[in-house]
Structures are given as C-alpha cells and as structure tokens.
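A short worksheet on the structure shown next.
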Amino acid sequence: MASKTELSTLAERVVDGDRRAFAQIYDEIAPLVFGVVKRVLRDPAMSEEVTQEVFVEIWTSIAKFDPARASLSTWSVTIARRRAVDRVRREQSQRNRIEALGHQRDDSDIAVDDEVVANSEAARVQHAVESLPDDQREIIQLAFIDGCAHGAIADRLGIPLGTVKGRVRGGLKRLRTQLESSGLEDGR
Amino acid sequence: MSEPDNTTSGGDRIDELLALAALGELTAADERELDAALAADVALQDELDADLETAARIQAVNAVPPPAELKRRVLDAIDAPSVAPAAPPPVS
C-alpha cells in the first residue's frame with residue numbers, strides 16, 4: 001500500500017489530468033472502495049456500478065481533496081459510503097434492506113475478513129471495536145462493518161434514531177482515543 | 001430520516017450531524033446546516049475530519065478486491081468527453 005504522502009502526490013498529478021496516476025490510485029484504493037460499497041449494497045453488480053461512480057467522482061472532484069484534512073483513502077471511503085447509501089435510498093425500501101441484512105454473511109465475506117484480520121491494522125481496529133462498551137460496539141459494527149444505515153439499525157434494535165446517532169458519535173470518539181493510545185497513528 | 005428532534009439541543013444536533021456525516025447519510029439540508037456550523041466553529045472541522053478518518057479505518061476492514069475488469073470500465077468512463085477533472089478552487 002502506498003503511503004499517505006505517495007497517494008497525495010498521485011492526487012496532485014490527477015488534478016492535472018494524469019490518467020496514469022489515476023490508474024495507480026485505483027490500484028491502491030479500489031479494494032477499500034469496493035469493500036465499503038459492497039458491504040452497504042450487498043448486490044455485486046450494483047456494487048461494481050457504484051464503485052465506478054465513486055471513481056468517476058474521485059476523478060472529477062480531485063481538486064477538492066485536501067491532504068491537510070484527510071488522507072486520500074479516508075476521502076475516498078467517505079465518498080464511497082455516501083454514494084452507496086444514496087443508492088440504497090434510491091433503489092431499495094428500508095424494509096427490504098433490513099430483511100437483506102438479516103441474512104448471515106456468505107462464505108466469501110468470511111474469507112475476506114479472515115484474510116484482512118491477518119493485517120495488523122485491521123486486527124488493531126477490530127480489537128478496538130471489540131473493546132467498546134456493548135451498546136456502542138453493536139452499533140459501530142452494524143454501521144461500519146456490516147454497512148447498515150442508521151434507520152435500519154434503529155429498526156433492527158428497536159431503539160430511537162437519535163440513540164443510534166448518539167452511539168455512533170460516542171463510539172467513534174472512543175475508538176479514536178483507543179486507536180491513538182495503541183500507537184496506531186498512521187491511519188490511512 | 002435526519003429530521004432533527006425538537007428537543008435536541010444545539011450541541012446534540014451537532015453530534016447528530018457529525019454522526020450522519022460519518023454514516024454518509026447527510027441530506028442536502030443537513031449538509032447546509034453542517035457547513036454553517038463548520039463555518040462558525042473552526043474546531044468542529046477537526047472533529048469531523050477525525051470522525052471520518054476513524055470511520056474509514058473501521059470500514060477498511062471490509063476491503064475486498066473488485067473484479068479485474070472493473071478497472072478498465074472505470075478508466076473508459078473517465079475518458080468520456082464529458083468527464084474531466086474540475087479545476088482547483090480559486091485561492092482566496
């Protein structure tokens with residue numbers, strides 16, 4: 001994986017229309033983007049379509065990327081999440097989404113997770129998530145690992161929307177502290 | 001979906017907006033509200049950036065390689081005449 005600085009340098013070249021730099025960025029972050037989109041949407045074909053949309057947005061909006069505020073990976077994952085959620089809003093009713101999320105993970109998901117856990121960054125993040133208080137952990141897992149929208153989480157757990165949002169916020173703050181204290185400061 | 005609760009205080013509403021931003025679920029109205037809050041409180045931008053980074057790090061656990069042919073489709077898509085990088089914002 002390229003460093004944050006290397007990705008930022010590539011992004012600068014993309015601003016000038018450098019397609020080769022864009023292709024390098026694709027190679028670096030496509031698994032992140034596709035993984036986020038697929039977790040939210042589940043449907044492989046739709047996930048590919050939205051991933052393509054995400055990369056077109058990265059290409060057209062790269063001038064808005066500010067390396068002082070975020071890494072390119074963070075910026076791209078944020079776009080991916082937003083676009084995937086937008087697609088859910090457009091294409092599926094929330095009820096269908098909840099039903100789909102009731103399914104167990106398929107084998108490919110488990111294989112991917114196992115592979116990723118071998119990576120120390122993923123292992124530390126998972127450890128940090130697991131160490132959250134139960135109420136925050138459940139929501140953080142549903143939101144960011146299982147890819148659920150907050151409305152679906154509220155319906156699934158039978159709690160108010162505001163509670164979901166509060167626990168998302170509280171969970172993220174606590175996780176940030178834990179990740180920082182574990183010395184993991186080179187997040188992508 | 002992100003309709004503010006009438007009993008929500010200002011600070012709670014900001015927390016709601018930050019949560020929605022991390023979830024990728026801001027509506028256009030939410031975005032305008034958050035932008036206004038960010039303009040009024042410089043420290044809030046750091047909070048938002050930190051939340052987005054933490055959320056991205058969690059979601060990176062889900063990384064999975066896309067089908068190989070998707071790269072060609074993406075590169076073809078950006079070659080469309082109507083798809084060009086936007087100019088950088090003017091320096092004020």
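Proteins get letters first, then strands, A, B, ... in listed order; numbering begins at 1 in each.
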Self-check item: Top contributor to chain B contacts, counting heavy-atom pairs under 4.5 Å, from A/V77, A/V56, A/L172
Solution: A/L172

Quiz item: Side chain, backbone, both or neither: which part of B/D46 has an atom under 4.5 Å from a heavy atom of chain A?
Solution: neither

Practice problem: Give, as side chain, backbone, both or neither, the part of A/V14 having an atom under 4.5 angstrom from any heavy atom of chain B. | Solution: backbone

Self-check item: Side chain proximity check, A/L7 to A/E28, heavy atoms < 4.5 angstrom
Solution: yes

Quiz item: Between A/Q136 and A/R174, does any side-chain donor sit less than 3.5 Å from a side-chain acceptor?
Solution: yes

Quiz prompt | Heavy-atom side-chain proximity of A/R90 to A/R87 below 4.5 angstrom | solution = yes

Quiz item: Taking only residues two or more places apart in sequence or in another chain, which ones pass side-chain contact (heavy atoms from CB on, under 4.5 Å) with A/E138?
Solution: A/L142, A/L157

Practice problem: Identify which part of A/D16 has an atom lying under 4.5 Å from any heavy atom of chain B, answering side chain, backbone, both or neither. | Solution: neither

Practice problem: Please look at B/L52 and chain A and tell me whether the side chain, the backbone, both or neither of the residue comes under 4.5 angstrom of a heavy atom of that chain. | Solution: both

Quiz item: Do A/S73 and A/S76 get their side chains close enough for a donor-acceptor pair, meaning under 3.5 Å?
Solution: no

Exercise. Side chain from CB out, backbone as N, CA, C, O: work out which of these in A/F144 comes under 4.5 Å of a heavy atom of chain B, or both, or neither.
Key: both

Quiz prompt | Portion of A/F22 that has a non-hydrogen atom of chain B nearer than 4.5 angstrom | solution = side chain

Quiz item: What part of B/E47 is in contact with chain A, defined as an atom under 4.5 angstrom from a non-hydrogen atom: side chain, backbone, both or neither?
Solution: both

Quiz item: What part of A/A70 is in contact with chain B, defined as an atom under 4.5 angstrom from a non-hydrogen atom: side chain, backbone, both or neither?
Solution: neither

Quiz item: Pick from A/R82, A/R169, A/R81: which one has the most heavy-atom pairs with chain B under 4.5 Å?
Solution: A/R169

Quiz item: What pairs with A/T177 under side-chain contact (heavy atoms from CB on, under 4.5 Å), at least two apart in sequence or on another chain?
Solution: none

Quiz item: Do B/E33 and B/L17 come within less than 4.5 Å of each other through their side chains, counting heavy atoms only?
Solution: yes

